[in-house]
Novice: 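This is the structure, below, for whatever I ask next.
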Amino acid sequence: MQEETEIGILDILTKINDNTWEVPKSYKPFMRVPGRIFVSETLLHDLDKGTLDQVANVASLPGIQKYSMAMPDAHLGYGFPIGGVAAFDKEEGVISPGGVGFDINCGVRLIRTNLHKEDVRSHMKELVDELFRAIPSGVGSKSRIRASDSELDDIFLHGSKWAVENGYGEKTDLDHCEGRGCIEGADPSKVSEKARSRGKPQIGTLGSGNHFLEVQYVDKIYDQEAADAFGLEEGQVVFMIHCGSRGAGHQICTDYIKTISRASKKYGIQLPDKQLACAPAQSPEAQDYFKAMACAANYAWANRQVITHWTRAVFERFFGRDMDDLGMDLVYDVAHNVAKLEEHIIDGMKKEVYVHRKGATRAFPPGHHDLPDVYKAVGQPVLIPGSMGTPSYVLHGTEAGMGVAFGSACHGAGRVMSRAHAKHEFFGETVKENLEARGITVKATHPSVIAEEAPDAYKSSSEVVDVVHNLEIAKKVVRVLPMGVAKG
DNA sequence: ATGTGC
């Protein structure tokens, strides 16, 4: 059966180069552009036919530019594949909630320290316990902060800046966030009361699933100049925060899937899959979704900023040193699930497009105006978390990536097994013991969370990263390895 | 991913 699936895929795809496979326009009559799937021959064996079909389905949407794309970590998602990238013309194109996903601005940030791995290794269990205590995690977890109505409006409007101005972090943190931790054009009046009430008690909470807070160390340098610019060196302790917009973003997506589904019919858009519901980019429906999505994205940036502050506080207490002494600067913060209005050069012309990245990382090149001065020479830090217990990577964006993939790269390891299947296949306690035998401390709300996130339920983050590196969509800077993980 | 399942 497995064999048949593989043959099916190879019958459809045309090999462009070692890491690029095309879904020809002729594959389905509704395709407006070809699909492009960025995978190595090895990873092609993990590619599901359903994911390929989703790439083709996205290619049917009005105003799509160049290609419907999938990154090497792509797998089946709601309508659009996770690992999907698609850009739509600002005027003639569409905006689709399925192209962003339920966890709006699920993303990652990396914070450096002046600590060496040997300073923390023997204290890891206690440190993870402290982090677990300080940062609420798990489904439905509630924060020590409860946002008032006016605070929630500010969070929706200003993202990370709200957090910094309210004492959760440093002004310089903002320079080291994609878009300074904010999407412009957010409008809290477009967010339902239900989404608001879910959001109020959750600012500064980690969530569940693949979301985590990880203490890591830099284990390998690939690009010394870029590592220097990012403030990273071998043996150094760093920590990574991976989380999103929690219940608020989920509710906003749910609300607008209904609105946009009606709009698809109203505007007569033919859809090969209902889950691709979308509306003309400039329609009031699409613009309302965009304004609400921006609120969720900003909420997620504020959320990661508050968690950063509390994590810094844990380190300060734990090591009895202040954060300047500990050198806990934010390296960068990137979104993995978001739609943005960006300028790209298409067929030699500058053009504004709505780039949908769903399980994909923005990867802007050296010199781009959105980058802080310190990163202008090397390009944007691209943060790629591994699955639990496996390496994570920092890469930098490139000019080639702008041309090939609208300045985008992969976002992680990518599932090969559903959550349900993983829970059936693995025992959380055994997975935890295996990780501990390798010197990795894991603490979660429940063993089943560990089973769901077992490393074997995912592709290899290294193989995934090598594809974007070899294509030069983004280039490797450092590899980091986990020492301690706190998860929902 | 998600106050986890019509």
Side-chain angles (χ1 to χ4, degrees), chain A residues 51 54 73-84 96-108 135-143 146-147 152 191-213 241-258 261 274-275 292-293 295-297 299-301 303-304 307 334-339 356-361 385 387-388 411-424 428 444-454 457-458 486-488:
Chain A
T51 308
Q54 289 192 325
D73 47 342
H75 57 103
L76 211 61
Y78 178 90
F80 288 57
I82 294 164
S96 172
V100 173
F102 279 85
D103 192 2
I104 297 167
N105 192 5
C106 176
V108 184
I135 290 103
S137 45
V139 177
S141 53
K142 284 194 166 63
S143 176
R146 194 180 197 288
L152 189 65
V191 177
S192 70
E193 202 46 53
K194 200 170 176 185
R196 291 181 68 93
S197 65
R198 289 181 72 175
K200 280 179 193 171
Q202 290 191 321
I203 200 77
T205 62
L206 195 60
S208 184
N210 66 352
H211 290 165
F212 64 72
L213 201 162
I241 297 166
H242 180 200
C243 65
S245 52
R246 310 285 287 106
H250 191 273
Q251 189 63 46
I252 287 168
C253 180
T254 305
D255 292 340
Y256 277 93
I257 279 173
K258 290 175 199 150
S261 295
K274 278 182 188 168
Q275 295 185 349
M293 181 216 67
C295 289
Y299 183 101
W301 270 308
N303 189 29
R304 290 196 287 275
I307 293 172
V334 286
H336 283 166
N337 283 3
V338 89
H356 293 56
R357 297 189 183 91
K358 181 190 192 179
T361 314
S387 54
M388 188 173 57
H411 86 307
R415 278 196 170 275
V416 285
M417 201 183 282
S418 70
R419 289 178 189 286
H421 189 176
K423 249 197 284 202
H424 186 255
T445 47
H446 195 272
S448 65
V449 176
I450 300 178
E452 283 180 7
E453 297 303 317
Y458 283 85
K487 10 194 341 109

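Only this structure's heavy atoms are used, side chains among them; waters, hydrogens and symmetry mates stay out. Here is the naming used below: chain letters follow the sequence lines, and residue numbers restart at 1 for every chain. Note that the coordinates shown come from a computational prediction; the quantities given were computed from them, not determined experimentally.
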Novice: A/Glu452 CD to B/dT2 C1': how many Å, rounded?
Specialist: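 Value for this atom pair: 12 Å.
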Novice: Considering non-hydrogen atoms only, spot the tightest contact between A/His411 and A/Asp73 and give its length.
Specialist: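 Between these two residues, the closest heavy atoms are ND1-OD2, 2.5 Å.
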Novice: Hey, is the side chain of A/Arg419 poking within less than 4.0 Å of OP1 or OP2 on B/dT4, counting only N and O atoms?
Specialist: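 For B/dT4, OP1/OP2 do not have a side-chain N/O of A/Arg419 under 4.0 Å.
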Novice: Could you state the atom-to-atom distance from NE2 of A/His446 to P of B/dT4 in whole Å?
Specialist: 15 Å
Novice: Classify the nucleic acid contact of A/Gly207 as base, sugar-phosphate or nothing, counting any heavy atom under 4.0 Å across all strands shown.
Specialist: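 Since only primed, P, OP1 and OP2 atoms lie under 4.0 Å of A/Gly207, the category is sugar-phosphate.
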Novice: Would you kindly compare A/Arg415 and A/Val139 by the position of their nearest DNA chain B nucleotide and give the one closer to the 5′ end?
Specialist: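 Between the two, 5'-proximity favours A/Arg415.
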Novice: With sequence neighbours excluded, what pairs up with A/Ser261 under the side-chain hydrogen bond (donor to acceptor under 3.5 Å, both in side chains) test?
Specialist: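 In terms of side-chain hydrogen bond (donor to acceptor under 3.5 Å, both in side chains), with neighbours along the sequence ignored, A/Ser261 is linked to no residue.
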Novice: For residues A/Asn337 and A/Gly359, report the shortest heavy-atom separation together with the two atoms involved.
Specialist: OD1-N, 2.8 Å
Novice: Which heavy atom in A/Arg419 sits nearest to a heavy atom in A/Gly209, and how many Å separate them?
Specialist: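 It is NH1-CA, 3.7 Å.
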Novice: For the pair made of NZ in A/Lys423 and C1' in B/dG5, what is the distance, rounded to whole Å?
Specialist: 11 Å
Novice: What is the distance from NZ of A/Lys258 to P of B/dC6, rounded to the nearest Å?
Specialist: 13 Å
Novice: A/Asn303 CG to B/dT2 P: how many Å, rounded?
Specialist: 10 Å
